[in-house]
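Just so it is clear: chains get the letters A, B, ... in the order the sequence lines come, proteins before strands, and each one is counted from 1.
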Amino acid sequence: MGKNYYITTAISYPNGTPHIGHAYEFVCADAIARFKRLDGFNTRFQIGTDVHGQKMWQTARDEGVEPQELADRNSDIFQDMTDVLNVSYDRFIRTSDADHHRSSQAIWKAMADNGDIYKDTYSGWYSVRDEAYYAEDETTLSDDGERIGPQGTPVEWVDEESYFFRLSAYEERLLKLYEEQPDFIEPRNRRNEIVSFVKGGLRDLSISRTTFDWGVRVPGDEKHVMYVWVDALTNYITGAGYPDSNDPLWSFWPADVHVIGKDITRFHAVYWPAFLMSAGIELPRQIFGHGFLLNKGEKMSKSTGNVVDPFQMAQTYGVDQLRYFFLRTIRFGSDGSYSHEDIVNHTNADLANNFGNLAQRSLSMIFKNLGGAVGAIQGGEGGLTAEDSALLARADATLAQCRDAINKVVPNEALDAIWGVLDEANRYFDEQAPWGLKKTDPARMQTVLYVTAEVVRQVAILCQAFLPASSGKLLDQLKIEPHERDFAHLGAANRLDPSTVIDKPEGVFPRYVDPEGA
RNA sequence: GGGAGUGUAGCUCAAUGGUUAGAGCCAGCGGCUCAUAACCGCUUGGUUGGGGGUUCGAGUCCCUCCACUCCCA
């Protein structure tokens, strides 16, 4: 096994059902996880739900069910969605899991032992919906006399005993972290925001509540439950076996990257490293805050009714088609826009016409003219023309380009590189015109078909990270054994086996056609 | 109010201060017939948000204005 690689998404708050933004995050993280796995890393990928907090408690109460019941029901839907989207998680954690309670209590104790937790009285305005406290001057009175916070959500006065975390003591250490490890927060502009936030001064953080009991109990003081973010963030080390340093999973910590939405960067880039420093635990290597998906350039919200159901989208366009759209057309880290037209255009132009058709036209010729037998390159490697060699060299070089892109957490650039190969392969196929060679030089035709099939093989292997189901089907058609599908089988050292005999090929990327009357 | 960004072709986006600002999609023309109405070639398309400045040279740096986004208050 190769080096360890640990990647996580944020854990979703299952107060409602998943929306397309969740799907986007899961798919992008999955592409990276799959890529690392194929590239020989001993990879662990965690995803899950954050089921605690006052909001869940209240929603459950409103529905007349137990919080656990609500948590289970909605977490199931989130987990279903990750399965539908072919997301290859190793663990789907739920913060109600027993080991997670143990882990959260352990980190609490570690922080307390370090003298960073003290009990005091908290007085102030609290927004249940934001899970956040606000100062008086951050709130306003709405027209109907209700006090609302800066996000426009109602706040209520609370005056309760609470434990506090000495966040103020970590200001300098955090700034030092951002400076010494400039890629701790990516992309850059979010790093700048966090730096200026911390420079503005940090206040101690209220980290427990007594007004409800849905959460992880504070060790030694049962009437308190932990502030939801304390236990939520801890999920990342729970998944690595914390606090049991003998657990084999502990070798995965520190995580290589936490993939999160840009809205929760502060929790991950300020609170989380402070908690870990306090508890004496290594810090994750990187926090990557991705952008939001906009519907035709507009924010999605329940009030405008433009919220799209990811299950429905997967059904309509196909899972790999949806994954492709997310991964190719949006630079991870920037906001992205989607529309029906955009998705259809990319599905047809890139998947069906470019990749799908290249596979189909080359494999069909092999099936029809060679009885499915791929055959060897005529004359061995020395029999290759300059055009053949150039195309193969380009395909061979693609893995390195993809690695660069994945290490920068920009999958779209990996796909740009792959599609560059496909463009060239279509051009090559056209210029070589094997259908003309059929009569004039059948041996040459066979070499052209071999070279093209080899490029299709390499592209399909690379694409497994992004389009797992379709790529798998293509590799099936090429009779590539499961153990020959990782990245170690790319490049000149492992060409397509000349003894391969394929069956009648079938297209793996259908064109999207709008239903009649739509 | 303070701070950080963004603004480039109809659309989505590229361009260490350095030839004539590029690519994909869309559109138009031509070619091909292996293939999924697919593929290949060519073409149209730009006052780089406006104005000013620095420079031999500015999409890029500076000032200012406009529009939008985000963070903080």
Side-chain angles (χ1 to χ4, degrees), chain A residues 132 134-140 149-151 185 187-203 261-267 269-270 289-294 296-299 325-326 328-370 410 412-413 415-420 422-439 442 445-446 448-449 452-453 456 470 474 504-513:
Chain A
Y134 296 112
E136 175 95 20
D137 61 3
E138 290 181 83
T139 66
T140 50
Q151 310 295 326
I185 307 165
R188 178 59 58 92
N189 58 334
R190 289 200 233 300
R191 176 181 177 273
N192 294 345
E193 284 171 9
I194 292 297
V195 169
S196 64
F197 172 75
V198 174
K199 278 186 177 161
L202 295 173
R203 278 183 292 184
K262 64 180 182 181
D263 55 328
I264 53 175
T265 307
R266 196 206 304 175
F267 299 98
V270 181
H290 65 73
F292 286 157
L293 274 186
L294 308 175
K296 291 182 182 165
E298 293 189 340
K299 266 187 189 170
F325 182 80
F326 287 159
R328 176 77 195 275
T329 69
I330 303 164
R331 183 183 177 83
F332 205 48
S334 305
D335 286 349
S337 186
Y338 72 93
S339 68
H340 173 72
E341 293 73 21
D342 287 341
I343 298 175
V344 170
N345 281 345
H346 280 94
T347 294
N348 290 345
D350 296 352
L351 295 179
N353 298 352
N354 195 332
F355 188 13
N357 187 53
L358 176 71
Q360 188 65 9
R361 66 198 301 209
S362 55
L363 300 189
S364 285
M365 283 201 73
I366 291 171
F367 181 74
K368 287 181 187 167
N369 300 297
L370 301 171
V410 281
N412 64 304
E413 289 185 5
L415 288 166
D416 287 348
I418 294 172
W419 255 257
L422 288 168
D423 286 338
E424 188 162 322
N426 266 313
R427 213 172 299 132
Y428 166 87
F429 202 78
D430 206 69
E431 281 165 6
Q432 301 301 316
W435 53 92
L437 296 169
K438 184 158 64 174
K439 288 170 191 143
M445 173 195 78
Q446 190 257 308
V448 170
L449 294 177
T452 308
V456 170
S470 311
L474 210 41
K504 184 175 176 15
E506 280 181 33
V508 294
F509 294 111
R511 286 180 65 79
Y512 178 89
V513 181

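Contact annotation: the side chain of A:Asp263 approaches that of A:Phe292 to within less than 4.5 Å [non-hydrogen atoms, C-beta and beyond]. Under the 4.5 Å side-chain criterion, counting only non-hydrogen atoms from C-beta, A:Glu193 is not in contact with A:Ile185.
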Please lay out, stage by stage, how A:Arg328 and A:Asp416 fare under the test side chain to side chain contact (heavy atoms under 4.5 Å, CB included). CA-CA 7 Å; A:Arg328 176 77 195 275; A:Asp416 287 348; 2.7 Å; yes
Any chance you could lay out the side chain to side chain contact (heavy atoms under 4.5 Å, CB included) test for A:Leu422 and A:Asp350, step after step, and finish with the verdict? CA-CA 9 Å; A:Leu422 288 168; A:Asp350 296 352; over 6 Å; no
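Map A:Arg328 and A:Ser364 each onto its nearest nucleotide of RNA chain B; the residue landing nearer the 5' end is A:Arg328. Both A:Glu431 and A:Met365 sit near RNA chain B, but only A:Met365 has its closest nucleotide nearer the 5' end.
The side chain of A:Arg361 lies closest to B:C34, out of B:C34, B:U36, B:A73. Each of B:C32, B:U36, B:C25 was ranked by its minimum atom distance to the side chain of A:Trp435; first place goes to B:C32. Here the nucleotide nearest the side chain of A:Arg203, chosen from B:A73, B:A35, B:C34, is B:A73.
For the P atom pair drawn from B:U60 and B:G51, the interatomic distance equals 13 Å after rounding to whole Å. Using P as the reference atom, B:C61 and B:A15 are 13 Å apart when rounded to the nearest Å. Taking atom C1' on both nucleotides, B:G46 is separated from B:G10 by 12 Å, rounded to a whole Å. Comparing the same atom, P, in B:C39 and in B:C25 gives a spacing of 8 Å after rounding to whole Å. Using P as the reference atom, B:C26 and B:G41 are 14 Å apart when rounded to the nearest Å. Look at the P atom in both B:C62 and B:U54: the space between them is 15 Å, to the nearest Å. B:C13 and B:G59 have their C1' atoms separated by 14 Å, given to the nearest Å. Here the separation of B:G49 from B:U44, taken at their P atoms, is 23 Å to the nearest Å.
When both distances must be under 3.5 Å, the Watson-Crick or G-U wobble mate of B:G1 is B:C72. Remark: B:G30 base-pairs with B:C40. Criterion, Watson-Crick or G-U wobble with two distances under 3.5 Å. Here B:U6 sits opposite B:A67 as a Watson-Crick or G-U wobble pair (both hydrogen-bonding atom distances under 3.5 Å).
For the side chain to side chain donor-acceptor pair (under 3.5 Å) test with A:Arg511, the passing option among A:Asn357, A:Asn353, A:Thr347 is A:Asn353; the others fail.
At a threshold of 4.0 angstrom between heavy atoms, the contacts of A:Gly356 include nucleobase atoms, whether or not backbone atoms are also involved. A:Lys438 comes within 4.0 angstrom of no nucleic acid atom, judged by non-hydrogen atoms across all strands. Residue A:Val513 is classed as having no contact, given no heavy-atom separation below 4.0 Å to the nucleic acid. Residue A:Asn357 is in base contact, counting any heavy-atom pair closer than 4.0 Å across all strands shown.
Here the C1' atom of nucleotide B:A37 and the CZ atom of A:Phe509 are 20 Å apart, to the nearest Å. Rounded to whole Å, the distance from CG on A:Asp416 to P on B:G22 is 19 Å. Between A:Ile264 atom CD1 and B:C71 atom C1' there is a gap of 15 Å when expressed in whole angstrom units. Computed from coordinates, the A:Glu506 CD to B:U36 C1' distance equals 12 Å when rounded to whole Å. If you measure from atom CZ of A:Phe197 to atom P of B:A73, you get 6 Å, rounded to the nearest angstrom. Between A:Leu351 atom CG and B:C25 atom C1' there is a gap of 14 Å when expressed in whole angstrom units. B:C40 atom C1' lies 9 Å from atom CG of A:Asn426, rounded to whole Å. The distance from atom CZ of A:Phe355 to atom C1' of B:C25 is 20 Å, rounded to the nearest whole Å.
Between A:Tyr512 and A:His340, the ring planes lie perpendicular to each other; the angle is over 60°, past the 30° to 60° tilted range. A tilted orientation is assigned to the rings of A:Phe355 and A:Phe509, their planes being inclined by 30° to 60°.
Note on A:Arg190: every side-chain N or O is 4.0 Å or more away from OP1 and OP2 of B:C70. Contact between the side-chain N/O atoms of A:Arg511 and the OP1/OP2 oxygens of B:A38 is found at a separation under 4.0 Å. Remark: A:Lys262 is not in phosphate contact with B:C71, judged by side-chain N or O atoms under 4.0 Å from OP1 or OP2.
A donor-acceptor contact under 3.5 Å is not formed by the side chain of A:Asn353 with the base of B:A38.
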I need a per-nucleotide contact map over nucleotides 1-15 of chain B, read 5' to 3'. Cutoff is protein heavy atoms under 4.0 Å; write B for the base, S for backbone only, - otherwise. ---S-------S---
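Listed for the A:Ser364 side chain is no donor-acceptor partner under 3.5 Å among the backbone atoms of A:Arg361.
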